[in-house]
4 protein chains.
Amino acid sequence: MARSTAVSVPHLDRRGDIVRAAYRLIAERGLEGLRFADIARAAGINNGTLLYYFSGKDALIEAVGRFLVDQYSQSDAPRAAGRVTSALDELRWEFTDAAARLNDVAGVVYTELLARAQRDPAVAALLLDIDASWRGWLVSILERGQAQGLFHDQLDPHLVATTIMAAIRGAGMQAMVMRDAAAAAAAMQAIAALIEQWIVRGGARPPYRR
Amino acid sequence: MARSTAVSVPHLDRRGDIVRAAYRLIAERGLEGLRFADIARAAGINNGTLLYYFSGKDALIEAVGRFLVDQYSQSDAPRAAGRVTSALDELRWEFTDAAARLNDVAGVVYTELLARAQRDPAVAALLLDIDASWRGWLVSILERGQAQGLFHDQLDPHLVATTIMAAIRGAGMQAMVMRDAAAAAAAMQAIAALIEQWIVRGGARPPYRR
Amino acid sequence: MARSTAVSVPHLDRRGDIVRAAYRLIAERGLEGLRFADIARAAGINNGTLLYYFSGKDALIEAVGRFLVDQYSQSDAPRAAGRVTSALDELRWEFTDAAARLNDVAGVVYTELLARAQRDPAVAALLLDIDASWRGWLVSILERGQAQGLFHDQLDPHLVATTIMAAIRGAGMQAMVMRDAAAAAAAMQAIAALIEQWIVRGGARPPYRR
Amino acid sequence: MARSTAVSVPHLDRRGDIVRAAYRLIAERGLEGLRFADIARAAGINNGTLLYYFSGKDALIEAVGRFLVDQYSQSDAPRAAGRVTSALDELRWEFTDAAARLNDVAGVVYTELLARAQRDPAVAALLLDIDASWRGWLVSILERGQAQGLFHDQLDPHLVATTIMAAIRGAGMQAMVMRDAAAAAAAMQAIAALIEQWIVRGGARPPYRR
DNA sequence: TATGAATGAGTATTCATTCAT
DNA sequence: TATGAATGAATACTCATTCAT
């Protein structure tokens, strides 16, 4: 029996397994159709075992929310990992990255959580977290750009950041409604160009037109 | 009390009563928390009577969706009813109206339905309807503006319309996340100004800045 | 308006229409699946109108039971209508007629009512009625046969009649189980031959064999 | 009270408990009056526990059908367990046993299932199972009798078996209708004697008469 | 940790029946 | 007679959660 522990090792990250299973099921069936039994089955564990890891459905949903936060913040990692880039390049990458994610299930899960946030303060707080940290990131880019003399001085970085976020979110929503990521991406790029014109100093570049 | 007979004629628009009650409850508690018994009580009718008018929950939700369509299209009425206005004024009114609606429950209900649309084709079709008719309306304004020489000729009205819609939707979503309608309105107005610059011919007006 | 009555005449026999519709539906879906709304629709009338003709479901089922009694007794009509026949011929006709009815829906309806009779005294009484009148008919044939010297004197007509009924019923049940009317008919004819041997005086006929 | 621990081991055969409770309730109130809550109460368990063992009403009814199959096949056990008997004795025992069962609730349950079998293929298959295995048993007896030289060679064992089954079933049905097991038993014994005459070689025995 | 049997409150839906017109 | 809107009690079934092991 000396090596019996080896047999029981495969579940190094039960909580993670559960959360990922729940995340996937929410994307597929929505919060409305989320069933504990299904999650347990998908995670390869027992109905009751699930309750050992999460005290209840709400706790699990919150954990999924936190997992979603990570999903979004992970996309920042490559940027940070890269070499030094200009604030403008970073901004452009923000839009490029968003365009690539228009078909992501994360958007579906986010919408589910946004709907729930209207009456679940814990989820609302989570989404505010995502919002704040994303805005913080954008503000830091914008301020760097201003410091570098790339962007206009008198801009309100918070307003610009919120505008960028609204644009990206709107494009994502539009993609979900139309089920046409290309059209939504085009709209987003249009706004991206307009915003660039707005904030870049001496933006002699000809106005976006099509 | 001269018209007390009105008391005995309570069922002039039962279906409407039910749909409005359901609409309100969805805004309050979401689709997830929608209960037939609650709807019936709110509509002042019996649990079974509700099923007499709607064959099931899905049918009712679809009816609520159609009601939402009407909600949105009604906002077009004042514009049409008013006297002749320029295409630019109409466009500006579009953003003004949207800003005023940022706190509207319609947005919450819309988000609920958008979440559900991911796996309910009937609801998805409804939302596409809203989308198409809204875009159609915007395109007609834009084309009128082009015909009047107000807007650039080479613009693609569909792209511009989709961009406007994405901007408005994004601002709405942002308002829901931040619970700060003013900030979202500011972002929307920023995009509105950028779009105006983009499409208006000879837009000599100084670039929006803050 | 002189001929307005003509317009409202088409329903000379509403009760009959309803009972026939119910009879058919019981044969199709069983008592368990019998729905008032379906009966009304099948009878071409309104849900509520049905209740004008039958005070409730039990009353309707009883009426269907009486209709079934008529169904069975009608098969005697041709015999009575025909010219004088021997008791033996009549007896043979009884089996022949039964064989022809093995696929009849009447058997299905009868089984439904028999099941219900176990806890519905009114239906039980109806079935006893059918039973008694059928036995009475058979006894009268047998007694006539005895009077004519065709059948043995010492036979108990009631026992013979009950035996005949059991044989016919058993074959009907067997047909329902096997869904093979031919096999059931063969079994019934075998018993018929045995019974004939039993009761016919000087039955010199060689024993049935196969 | 030495074995009081038995109290804490009440769930040795939950499925069996449930099926038996359902069987009894079907006999009492019929399928039409079968209620999940009643079954659960009768089985001493919770409403939901029942659904833990049976996925739905249909599954439970099918299980009851299988239980009924066992009920019938158990009656063969004593025969098999006994010492060697002649084929004729076995056949006689068949009728004797059937006569003793004329008042059995199994007949009531069987009738309920037969009614349902008309539109439930699963139940129909079950009844066909009972039918086939019973016929198989009878055929084996008849063939043994033929091999022993007791029964006529040229008999078709399947026809005879079906005839026996029809006779026994008919008597059972007759008993249900008349609520007079004695009269039904007499009719069955009459047919039994006739069949014996039919199949037994050199049946010198005087014809049954009463 | 982990299991899975057991729970029971909750809920959509059915359907016979009533009743104003 | 006839309608059909309205009722509400009845019921199968769901599902998060508990708990003994």
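Computation of the quantities below employed the complete heavy-atom set of this structure, encompassing side-chain atoms and omitting hydrogens, waters and symmetry-equivalent molecules. Sequence lines set the chain letters: A, B, ... in the order given, protein chains first and strands last, and positions in each chain run from 1.
Tested against A:V123, the residues A:L114, A:L113, A:L31 include a single side-chain contact (heavy atoms from CB on, under 4.5 Å) partner, A:L113.
Expressed to the nearest 0.5 Å, how far CG of A:L127 lies from CE of B:M176 amounts to 9.5 Å. Between the CG atom in C:D17 and the CG atom in C:D13 there is a gap of 5.5 Å [rounded to 0.5 Å]. Once rounded to the nearest 0.5 Å, the distance linking CG of B:L126 with CZ of B:F67 reads 13.5 Å. Rounded to the nearest 0.5 angstrom, B:Q71 CD and B:I130 CD1 are separated by 10.0 Å.
Here the P atom of nucleotide E:dG4 and the CZ atom of D:R14 are 17 Å apart, to the nearest Å. Going from atom CG of A:D38 over to atom P of F:dT17 covers 15 Å, rounded to whole Å. As rounded to whole Å, 15 Å separates atom C1' of F:dT1 from atom CG of C:D17. Atom OH of C:Y52 is separated from atom C1' of E:dA16 by 16 Å (rounded to the nearest Å). Atom-to-atom, CD1 of A:I39 to P of F:dC15 comes out at 12 Å; the value is rounded to the nearest Å. If you measure from atom CG of C:L50 to atom C1' of F:dG4, you get 13 Å, rounded to the nearest angstrom. Atom CZ of D:F54 is separated from atom C1' of F:dA12 by 16 Å (rounded to the nearest Å). What separates CZ of D:R29 from P of F:dT11 is a distance of 10 Å, to the nearest Å.
A:T49 contributes no side-chain N or O that, together with a main-chain N or O of A:I45, makes up a donor-acceptor pair within less than 3.5 Å.
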For nucleotides 8-15 of chain E, just jot down a letter per nucleotide in 5' to 3' order: B, S or -, based on protein non-hydrogen atoms under 4.0 Å.
B--SSBBS
List the atom pairs, donor and acceptor, that lie under 3.5 Å between side-chain atoms in residues 34-42 of chain B and the rest of the protein, sequence neighbours left out.
unit_1: B:R35; atom_1: NH1; unit_2: B:E32; atom_2: O; d: 3.3
unit_1: B:D38; atom_1: OD1; unit_2: B:R41; atom_2: NH1; d: 3.4
unit_1: B:D38; atom_1: OD2; unit_2: B:R29; atom_2: NH1; d: 2.8

Can B:R116 and B:E112 be said to form a salt bridge (Lys or Arg N to Asp or Glu O under 4.0 Å), step by step?
CA-CA 6 Å; B:R116 174 169 251 248; B:E112 290 285 344; over 6 Å; no
For DNA chain F, produce a single dot-bracket line, 5' to 3'. Pairs: Watson-Crick or G-U wobble, both distances under 3.5 Å. Symbols: ( ) within strand, [ ] crossing, | other strand, . unpaired.
.||||||||||||||||||||
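Under the 4.5 Å side-chain criterion, counting only non-hydrogen atoms from C-beta, D:R15 is in contact with D:F54.
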